[in-house]
Structure formats: structure tokens, C-alpha cells
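In what follows, a structure is listed as C-alpha cells, so that the remarks can point back to it.
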Amino acid sequence: MRTVFAWCRHNGAANLLVAAVLAWCVAACSHVPLTTMVKLSRFDLLKTAPDGLRIAVKYPDSIRIPDGGAQMRLIVTEKSSGEVQLKEEFAFTRVDTAAEKAELAGELQTGWRVEVYRLPAGRVAAFKAFQSHLTDMRKGDREKVDGSMEISVDACLLSENRPDRIVVSTFLKASELGGFVPLLKDANLQQLMAAEDMDGDAAPLGPCPEAEKGGF
């Protein structure tokens with residue numbers, strides 16, 4: 001299962017804007033804090049240091065995020081045709097140090113988990129290459145394309161018992177943001193999935209492999 005939590009669009013490789021244009025907008029937009037909109041105006045996808053990027057997810061004990069489940073996708077498309085010129089996908093790796101999680105200590109509650117993820121060292125060069133692809137373009141060519149960043153999280157159920165409501169929150173950290181910025185706060189996972197599933201054929205949130213074997 002893939003649920004998209006945030007979408008930021010870099011129009012013409014100029015200013016980074018927050019664009020509520022996804023199919024799940026109706027379900028998700030009410031969960032995006034207004035302060036986040038302001039703070040993200042300082043975030044520049046082309047200049048940000050990839051080794052300082054962090055994704056954090058607050059989720060209930062009833063689900064788990066598997067290895068590689070926190071992901072980022074960077075895409076360059078032609079404005080006129082929508083054709084994809086360049087796409088890079090990054091599976092973030094979990095950060096287990098207490099220092100990395102300390103900033104979100106206030107989010108910890110009984111029955112909840114907070115995990116922080118970073119870009120793997122081996123993928124930093126690919127992120128920088130994506131940045132260079134846009135910054136090295138001639139101005140006229142940049143005006144013909146859109147660049148976008150998509151953050152998504154895959155999840156699975158810890159047991160076969162499906163809760164009536166699964167609520168999640170997501171955060172983004174970059175050097176220019178000065179800390180973690182909430183992307184979505186207390187968003188209903190099932191509603192996000194339903195809003196994203198325009199064709200109505202997405203598989204429901206299933207049990208984790210470990211859960212099917214009788215333990216995690």
C-alpha cells in the first residue's frame with residue numbers, strides 16, 4: 001500500500017510552492033497546518049542539502065512501516081505534454097539514534113511510535129544529480145518543465161484485526177527549515193487511501209509478513 005502524504009511542486013525550477021492538487025486533497029488538506037505552508041516557502045528543493053533531509057512519521061502501534069517504506073520521489077515533467085523527463089525514487093533508511101528523535105519527543109504518547117528516516121549515503125549523489133539537472137538547464141528550458149517532490153509511506157497491519165480508524169502524522173526536516181515541520185497532523189489513513197485510489201482497485205491495508213507468522 002502506498003499512501004501519499006505531501007506534495008510540493010517546484011514550478012519552473014523557481015520558488016517551491018505547496019500545491020494541493022492530488023486526488024486525496026479533499027481528505028488531506030484539512031490536516032496540513034497553515035504554519036507549514038509558510039515555513040515550506042523557505043524550502044528550496046534545488047538548494048537543500050540532501051544529507052540533512054529527514055522524514056518522520058508518527059503512527060499507532062497497530063501498524064508498522066517496513067524497511068524502505070518511507071520514500072521520496074522526485075519528478076521532472078514537461079508542462080505542455082505532462083511527459084516525464086526524469087524521475088528518481090529514494091527509499092529512506094530508519095535512523096535509530098536518540099539524538100535524531102529528541103526533537104520529536106513531545107509527539108511520543110502511549111500506544112504510538114515516532115520514527116525518523118534519512119536519505120541513504122549511497123543515494124545522496126543521485127539526489128544531487130537531480131538538483132544539478134534542473135539548475136544546469138537554460139532558463140528557457142526550465143520554464144517548460146515542472147519539478148515535483150512526493151513523500152509517501154508504505155504500511156502494514158501488525159495483526160489481522162483492523163482498527164476502525166488509523167491516524168498518522170508526517171514531518172519533514174531540512175537545514176533551511178530549522179527543524180521538523182509537520183506535513184500532515186492526525187490524518188485518517190483510510191481516508192487518504194480512499195482519496196488516492198481514483199480507480200477503486202487499490203488493495204486494502206494488509207497484515208505485515210511478521211504478523212502473519214504470529215509475531216513481530
Side-chain angles (χ1 to χ4, degrees), residues 1-8 10 16 18 28 31-33 35-36 39-40 42-75 87-131 148-158 166-187 189 192 205 208-211 215-216:
M1 185 281 301
R2 171 176 291 252
T3 298
V4 180
F5 288 118
W7 180 277
C8 302
H10 210 293
L16 186 72
V18 178
H31 299 282
V32 180
T35 54
T36 293
K39 291 180 179 179
L40 281 179
R42 302 197 298 263
F43 177 63
D44 192 329
L45 178 60
L46 301 189
K47 297 180 180 178
T48 194
D51 53 357
L53 283 174
R54 297 291 187 273
I55 298 171
V57 186
K58 176 183 177 182
Y59 60 95
D61 277 339
S62 57
I63 67 173
R64 288 293 185 271
I65 300 173
D67 291 340
Q71 302 151 18
M72 178 180 288
R73 180 185 296 148
L74 304 178
I75 306 172
K87 180 168 69 175
E88 285 286 354
E89 295 184 352
F90 303 91
F92 277 47
T93 185
R94 184 180 285 108
V95 177
D96 290 323
T97 63
E100 289 274 7
K101 295 184 178 182
E103 189 176 339
L104 292 170
E107 297 289 338
L108 287 174
Q109 300 169 272
T110 302
W112 293 82
R113 289 171 172 257
V114 176
E115 298 290 354
V116 178
Y117 302 86
R118 68 182 301 275
L119 190 67
R123 296 289 283 151
V124 169
F127 192 100
K128 291 182 176 179
F130 180 92
Q131 292 174 312
S148 61
M149 181 186 76
E150 176 186 299
I151 295 173
S152 63
V153 175
D154 292 337
C156 56
L157 289 170
L158 185 57
I166 300 175
V167 174
V168 296
S169 298
T170 58
F171 307 81
L172 175 69
K173 182 178 181 179
S175 55
E176 60 268 42
L177 294 177
F180 281 101
V181 172
L183 296 176
L184 291 184
K185 291 287 287 183
D186 300 328
L189 185 60
L192 293 175
L205 192 66
C208 302
E210 292 84 351
F216 201 93

Worksheet item: Can any side-chain N or O of T170 pair as donor or acceptor with the backbone N or O of V57 at less than 3.5 Å?
Response: no
Practice prompt. Heavy atoms only: give me the nearest W112-D61 pair and the separation to one decimal.
Written response: N-OD2, 4.0 Å
Fill in: Pair listing, salt bridge (Lys or Arg N to Asp or Glu O under 4.0 Å) test, anchored in residues 96-107, at least two apart
R54-E100, K58-E107, K101-E115, E103-K173, E107-K185
Worksheet entry | Partners passing salt bridge (charged side-chain N to carboxylate O under 4.0 Å, His left out) against D51 (at least two apart in sequence or in another chain) | none
Discussion item. List the residues meeting ring pair (Phe, Tyr, Trp, His ring centres under 6.0 Å) with F171, not counting sequence neighbours, and say none if there are none.
Written reply: none
Worksheet entry | Inter-residue atom distance L104.CG - F180.CZ, 0.5 Å rounding | 5.0 Å
Discussion item. Rounded to the nearest 0.5 Å, what separates atom CG in L184 from atom CG in L172?
Written reply: 11.5 Å
Worksheet item: Can you name the nearest heavy-atom pair linking P66 to A155, along with the distance?
Response: CD-CA, 4.2 Å
Discussion item. Working to the nearest 0.5 angstrom, can you tell me the gap between I65 CD1 and R113 CZ?
Written reply: 10.0 Å
Discussion item. My understanding is that only residues two or more places apart in sequence, or in another chain, count here; which of them pass side-chain contact (heavy atoms from CB on, under 4.5 Å) with P120?
Written reply: T93, R123
Worksheet item: What residues, two or more places apart in sequence or in another chain, satisfy side-chain contact (heavy atoms from CB on, under 4.5 Å) together with A70?
Response: F92, Y117
Practice prompt. Taking the side chain as every heavy atom from C-beta outward, state whether V153 and V168 have any pair of such atoms under 4.5 Å apart.
Written response: no
Response to the item:
All heavy atoms of R64 vs all of P60, minimum pair found to be NH1-O, 4.5 Å
Item to complete: Quickly, which of R73, Q71, M72, E89 forms a side chain to side chain contact (heavy atoms under 4.5 Å, CB included) with S152? Name it, please.
Response: Q71
Worksheet item: Where do F43 and E176 come nearest, in terms of heavy atoms and distance?
Response: CD1-OE2, 3.3 Å
Discussion item. Using the side-chain contact (heavy atoms from CB on, under 4.5 Å) criterion, which residues pair with K128? Sequence neighbours excluded.
Written reply: P50, V124, Q131
Item to complete: Might you work through the side chain to side chain contact (heavy atoms under 4.5 Å, CB included) test for L158 and S62, ending with a clear yes or no?
Response: CA-CA 5 Å; L158 185 57; S62 57; 5.7 Å; no
Practice prompt. Over all heavy atoms of both residues, which pair between I151 and I55 is shortest? Give the atoms and the distance, please.
Written response: CG2-CD1, 4.0 Å
Worksheet entry | Residue pair L157 / I166, side-chain heavy-atom distance below 4.5 Å | yes
